[in-house]
Amino acid sequence: MSMTEGVYVCVKGTLYGSDCATFGLTDKEVTALQSRFPNSTNSIQVVNGSYMKANPLQVINALSELGYEVVASSGSEAETTWTMRREVPVSPFGCTIL
């Protein structure tokens with residue numbers, strides 16, 4: 001029997017912007033997004049997150065290719081946070097397998 005658990009990440013930005021921030025991604029996922037959006041850089045500091053030089057919807061669409069789905073959003077026209085979730089396998093010993 002296969003066991004899974006949910007992993008959550010967030011994308012924060014504005015629909016009118018050309019950049020956004022991500023939170024909760026693994027280093028491998030950040031690297032994948034930064035290679036997809038090459039103008040993204042680690043030189044712009046985001047506390048507990050990563051900077052992406054892409055519209056939030058572009059990042060959300062890229063994350064959906066990794067299995068994430070939007071489960072909630074909150075905010076205003078000025079700034080919105082989208083919460084995304086995906087299922088990841090868990091070993092029989094309770095360890096998440098990323």
Side-chain angles (χ1 to χ4, degrees):
M1 179 167 100
S2 175
M3 296 173 43
T4 62
E5 70 178 24
V7 173
Y8 294 87
V9 300
C10 291
V11 177
K12 184 176 182 180
T14 176
L15 293 175
Y16 306 106
S18 60
D19 60 355
C20 62
T22 60
F23 303 90
L25 297 174
T26 65
D27 290 340
K28 190 182 275 188
E29 290 168 331
V30 170
T31 300
L33 285 178
Q34 287 177 336
S35 68
R36 177 123 180 216
F37 306 112
N39 292 329
S40 301
T41 176
N42 289 329
S43 65
I44 297 176
Q45 295 297 312
V46 175
V47 176
N48 295 326
S50 301
Y51 172 80
M52 296 294 148
K53 185 64 177 162
N55 181 278
L57 294 181
Q58 292 174 299
V59 173
I60 289 169
N61 287 334
L63 288 171
S64 72
E65 293 176 17
L66 298 176
Y68 286 97
E69 295 180 346
V70 174
V71 294
S73 65
S74 177
S76 65
E77 188 173 322
E79 187 171 70
T80 303
T81 299
W82 292 267
T83 302
M84 303 182 75
R85 180 181 195 270
R86 77 176 173 114
E87 291 290 321
V88 295
V90 177
S91 75
F93 306 107
C95 300
T96 301
I97 303 168
L98 297 175

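Starting from 1, each residue takes its place in the sequence as its number.
A side chain to side chain contact (heavy atoms under 4.5 Å, CB included) with F23 holds for exactly one of V46, V9, T81, V11; it is V46.
Each side-chain hydrogen bond (donor to acceptor under 3.5 Å, both in side chains) pair with one or both residues in residues 10-19, not counting sequence neighbours, appears once here: Y16-E77, S18-K53, D19-Y51. For residues 62-71, the set of pairs meeting the salt bridge (Lys or Arg N to Asp or Glu O under 4.0 Å) definition, not counting sequence neighbours, comprises R36-E65. Applying the salt bridge (Lys or Arg N to Asp or Glu O under 4.0 Å) test to pairs two or more places apart or on separate chains, none has a residue in residues 37-46. Sorted pairs that involve residues 54-64 and meet salt bridge (Lys or Arg N to Asp or Glu O under 4.0 Å), not counting sequence neighbours, are lacking altogether.
Closest heavy-atom contact between Y8 and T83: CD2-CG2, 4.0 Å. The two residues G17 and P56 come nearest to each other via the heavy atoms O-CD, 4.3 Å. Contact record, L57 with N55: N-OD1, 2.9 Å, taken as the closest heavy-atom pair.
Judged as a side chain to side chain donor-acceptor pair (under 3.5 Å), and not counting sequence neighbours, the contacts of E87 are T4, R85. E29 meets the side chain to side chain donor-acceptor pair (under 3.5 Å) test with T26, Y68, R86; sequence neighbours excluded. Residues meeting the side chain to side chain contact (heavy atoms under 4.5 Å, CB included) test with S73, sequence neighbours left out: T80, W82. For Q34, the side chain to side chain contact (heavy atoms under 4.5 Å, CB included) criterion is met by V30, S40, N42, M52, not counting sequence neighbours.
For the atom pair L25 CG and M84 CE, the distance stands at 9.5 Å (nearest 0.5 Å). In this structure, C10 SG and L63 CG are separated by 11.0 Å, a value rounded to the nearest 0.5 Å.
I60 and V71 fall into different hydrophobic clusters, defined by Ile, Leu, Val, Met, Phe, Trp and Tyr side-chain heavy atoms under 4.5 Å apart, directly or through other members. Under the 4.5 Å side-chain contact rule for hydrophobic residues, V70 and L66 share a cluster.
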